[in-house]
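Worksheet for the structure shown next.
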Number of protein chains: 2
Amino acid sequence: MPDGVEKKPSRIQQRNRRRILDAALDVFSKHGYRGATLDQIAEAAGLSKPNILYYFDGKEEIHLTLLNQLMETWLDPLVTLDPKGDPLEEILGYVQRKLDMARDLPRESRLFAGEILQGAPRMAPHLVADLQPLFDEKCSVIKAWMDQGALAAVDPRHLIFSIWATTQHYADFDAQVRVLLRDDPQGHESAGQYLRTMFTRLLTP
Amino acid sequence: MPDGVEKKPSRIQQRNRRRILDAALDVFSKHGYRGATLDQIAEAAGLSKPNILYYFDGKEEIHLTLLNQLMETWLDPLVTLDPKGDPLEEILGYVQRKLDMARDLPRESRLFAGEILQGAPRMAPHLVADLQPLFDEKCSVIKAWMDQGALAAVDPRHLIFSIWATTQHYADFDAQVRVLLRDDPQGHESAGQYLRTMFTRLLTP
DNA sequence: GGCAATTTTTACCATTTGGTAAAGACACGA
DNA sequence: TCGTGTCTTTACCAAATGGTAAAAATTGCC
């Protein structure tokens, strides 16, 4: 067998690794890295603690695996931003995709937020290697749209920040939003409408 | 001596309690509640661990004291929003004050963010008792401005959320912002300019 | 200076937590 | 069905951590 090629994992391996990662996402996103314990993860996964350590080398490796998997999902909506599409529609579509992610993947959003909040100790390399180039590229795309007059001119970097901030806010600050909206079931739709209005008024030339 | 009236703390008490709270703010905002240890706080404060427990009943009480103190500071910029002032100027002033706070009090911002991110386990009562009434009141003020045509109509609740999200983002996601702006020393000013433009275009009738 | 009250240190303790060793149970191809 | 490799459990351990008791030092008031 060639070097570096691992034999494919058994069905049990796949199932249990998936279980563990799902349980860990739950626990890490709720309590943060330090706040999460292997016992909690084990219980949530329905496995014993030593059994978990049979599948992963340790707590840190589980966390790191989650972060690595997350990066791809996280960047995807921005990757999709199409330089050849209609500028305003592209931006609004991006906002919508991010908002949908905040609703559908709140655990992932909070895992990410917690990591950045603490200074990105485990993710800094990813930010530089993956996020930064993509960010720069899409800033250029937006800049070009503005230069050709298809969008009103603003700083593209801060535009992207404001899209991230406003959409992720609904996942990351959910506890606060719930209190203030009194669990309004229309919350998500009204947020979508507001953000569409906001970025339309900002960017319409 | 009347009941419930504690004698005023000595100078040593004042100084050491202040030291401890400052150190704790540092540590809690960096590592979160569970991630912070009394030993770290003690070292940062220049006191021994048992000495710290002479001034506070325990880790939780320190954290709670910080949160209580923070609430006032945190709400202040919104309290200042004046129903009798010029609507657009009032909103822009509020944005500016929040952005200044993100720059000047990043530890406080991250302490708050961490607490909310984990579901506000220790702060939920404060949110309901202090934040909610203020939020509702100021939403009404903004709504009135919009009804009288002084501001373009949008959902006041989401407007406030977007102000919080965009301004606090610069403190809470500082690690990410730094990477992407490559430590641009003009970062804060350009953020201020961007946000002023954004909310002006959104709200100008 | 003397003395009570306050403050600080020393020496601990119990629990929690990430992790390990090794024996036992189980799956599966020959 | 037998045996080998995969998976799981039991029984631990060392370090970290929140917290305590009590002696020692210090402060401030007469």
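Chain naming here is simple, since letters A, B, ... match the order of the sequence lines and numbering starts at 1 in each.
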Taking atom [atom2] of [N] as reference, at what distance in whole Å does atom [atom1] of [X] sit?
X: Glu60(B); N: dT17(D); atom1: CD; atom2: P; value: 18 Å
X: Gln40(B); N: dA16(D); atom1: CD; atom2: P; value: 12 Å
X: His63(B); N: dG19(D); atom1: NE2; atom2: P; value: 13 Å
X: Leu53(A); N: dA21(C); atom1: CG; atom2: C1'; value: 13 Å
X: Leu38(B); N: dT16(C); atom1: CG; atom2: P; value: 16 Å
X: Ile52(A); N: dC7(D); atom1: CD1; atom2: P; value: 15 Å
X: Gln14(A); N: dC7(D); atom1: CD; atom2: P; value: 11 Å
X: Lys59(A); N: dA16(D); atom1: NZ; atom2: C1'; value: 12 Å

Counting only side-chain heavy atoms from C-beta out, which of [options] sits nearest to [X]?
X: Ser48(A); options: dT9(D), dG19(D), dG18(C); value: dT9(D)
X: Pro50(B); options: dT8(C), dT10(D), dA11(C); value: dA11(C)
X: Asp39(B); options: dG19(D), dT17(D), dC7(D); value: dT17(D)
X: Tyr54(A); options: dG19(D), dT8(C), dT8(D); value: dT8(D)
X: Arg34(B); options: dT20(C), dT8(D), dT17(C); value: dT17(C)

Check this for me, if you would: do Asp22(A) and Arg19(A) make a salt bridge, where the nitrogen-to-carboxylate-oxygen distance has to be below 4.0 angstrom?
no

Salt bridge between Lys49(B) and Asp39(B), side-chain N to carboxylate O under 4.0 Å?
yes

Check every strand shown and say whether Tyr55(B) touches a base, only sugar-phosphate, or nothing at a heavy-atom separation below 4.0 Å.
sugar-phosphate

Over all strands shown, is Ala36(B) touching base, sugar-phosphate only, or nothing at heavy-atom distances under 4.0 angstrom?
sugar-phosphate

Does Lys59(A) qualify as a cation-pi partner of Tyr33(A), given the criterion of NZ or CZ under 6.0 Å from the six-membered ring centre and within 45 degrees of its axis?
yes

For a side-chain contact (heavy atoms from CB on, under 4.5 Å) with His126(A), tell me which candidate from Asn68(A), Leu70(A), Leu75(A) qualifies.
Asn68(A)

Determine, step by step, whether Tyr194(A) and Phe199(A) satisfy the ring-ring contact (aromatic ring centres under 6.0 Å, His included) criterion, reporting the C-alpha distance in whole Å, the side-chain angles of both residues, the deciding distance to 0.1 Å, and the verdict.
CA-CA 9 Å; Tyr194(A) 171 80; Phe199(A) 288 106; 8.7 Å; no

Tell me whether the side-chain N/O atoms of Gln13(B) come closer than 4.0 Å to OP1 or OP2 in dT6(C).
no

The answer to which of Asn51(B) and Gly35(A) contacts DNA chain C further toward the 5' end, by nearest nucleotide, is Asn51(B)

Using only modelled atom types and a 3.5 angstrom limit, is any donor from either the side chain of Lys49(B) or the base of dG18(D) paired with an acceptor on the other?
yes

